[in-house]
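Per chain, numbering begins at 1; letters A, B, ... match sequence-line order.
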Amino acid sequence: KETQLRIEAFYSFS
Amino acid sequence: MLELRLVQGSLLKKVLESIKDLVNDANFDCSSTGFSLQAMDSSHVALVSLLLRSEGFEHYRCDRNLSMGMNLGNMSKMLKCAGNDDIITIKADDGGDTVTFMFESPTQDKIADFEMKLMDIDSEHLGIPDAEYHSIVRMPSSEFQRICKDLSTIGDTVVISVTKEGVKFSTAGDIGTANIVLRQNTTVDKPEDAIVIEMNEPVSLSFALRYMNSFTKATPLSDTVTISLSSELPVVVEYKVAEMGYIRYYLAPKIEE
């Protein structure tokens, strides 16, 4: 089963 | 006061066509550096980052940093009214609630202005640090578009793998599977036709083809595309915008549970 990750998992809010 | 005059107005038209399907509303930020945008798609899976440097404009006046919230569908409607050879000027007043797009025909015999309402958008800005990528592939943008289109007729997910053999794009679906392998090829007549594979470490990642296909809307902007991959990071798909900047698309990978 594949899960789509979200962008926020990699970059933090500035 | 903001006034940006872009002689090659078609670039702005193409930029809008490249992002309007991915993002509905976004803030355009204007500073002494240039005209920029950072926005995520509604599901926060992809992010687009645009920069048009101030030096690329024939005239660039931005008295103070300004953030203008625009509906990209509406902006695209207005820019479609500009001719491909038109000069486009973007004008806005500090604290105003509209932006004006002025279109001048090359012979100056037709001048149009379109005023668009701005909107308040709560934008979340992400800090994207510079990264070392495991592998970087540069290839003709039309070839990448063709591959994404072809694979999406078979499956929903593309696995991009870079090894010393080359770069492989694979998919699987109900009707079967597909694998497309490109090898480095720099012995071409035109440099934009080259396939250049820089591999520091082999890498293999899965991505949703729907987003990849959306990114290829930027194909008319550049003959080449650069795909940067690292196992721990979103892929970066970059198209240069003439000599003045870039559109970068970031796409979070899919992982096996």
Side-chain angles (χ1 to χ4, degrees), chain A, chain B residues 22-23 27 29 36 38-49 67 122-131 133 155-160 170-173 204-212 214-215 228-237 248-257:
Chain A
K1 176 93 179 91
E2 279 184 322
T3 303
Q4 173 66 66
L5 298 176
R6 288 164 61 125
I7 286 287
E8 294 102 309
F10 300 91
Y11 305 122
S12 51
F13 291 102
S14 59
Chain B
L22 195 64
V23 177
N27 282 316
D29 298 312
S36 65
Q38 190 204 79
M40 279 186 278
D41 78 296
S42 58
S43 54
H44 290 202
V45 168
L47 178 143
V48 57
S49 173
S67 189
D122 283 332
S123 73
E124 301 164 302
H125 214 266
L126 290 168
I128 301 172
D130 285 334
Y133 284 91
D156 299 327
T157 301
V158 59
V159 180
I160 306 178
S170 309
T171 195
S204 181
L205 286 161
S206 298
F207 300 101
L209 273 165
R210 184 166 71 85
Y211 290 97
M212 286 290 184
S214 175
F215 303 164
S228 304
L229 298 144
S230 264
S231 49
E232 305 295 318
L233 288 173
V235 61
V236 188
V237 180
R248 290 180 187 148
Y249 299 98
Y250 296 78
L251 179 60
K254 290 180 168 187
I255 52 161
E256 289 283 344
E257 290 235 310

Separation of A:Q4 CD from B:D156 CG (nearest 0.5 Å):
11.5 Å

Can you find a pair of side-chain heavy atoms, one from B:M40 and one from A:R6, that are under 4.5 Å apart?
no

Residues two or more places apart in sequence or in another chain: which of them pass ring pair (Phe, Tyr, Trp, His ring centres under 6.0 Å) with B:F207?
none

Which portion of A:F10 sits near chain B, non-hydrogen atoms under 4.5 angstrom:
side chain

Tell me, please, which residues at least two apart from A:S12 pass side chain to side chain donor-acceptor pair (under 3.5 Å).
none

If I compare all heavy atoms of B:L126 with all of A:Y11, which pair ends up nearest, and what's the gap?
CD2-O, 3.6 Å

Against chain A, label B:S43 side chain, backbone, both or neither, depending on which of its atoms sit under 4.5 Å from a heavy atom there.
backbone

Taking all atoms of both residues into account, what is the closest heavy-atom pair of B:A252 and A:L5, and its distance?
CB-O, 3.2 Å

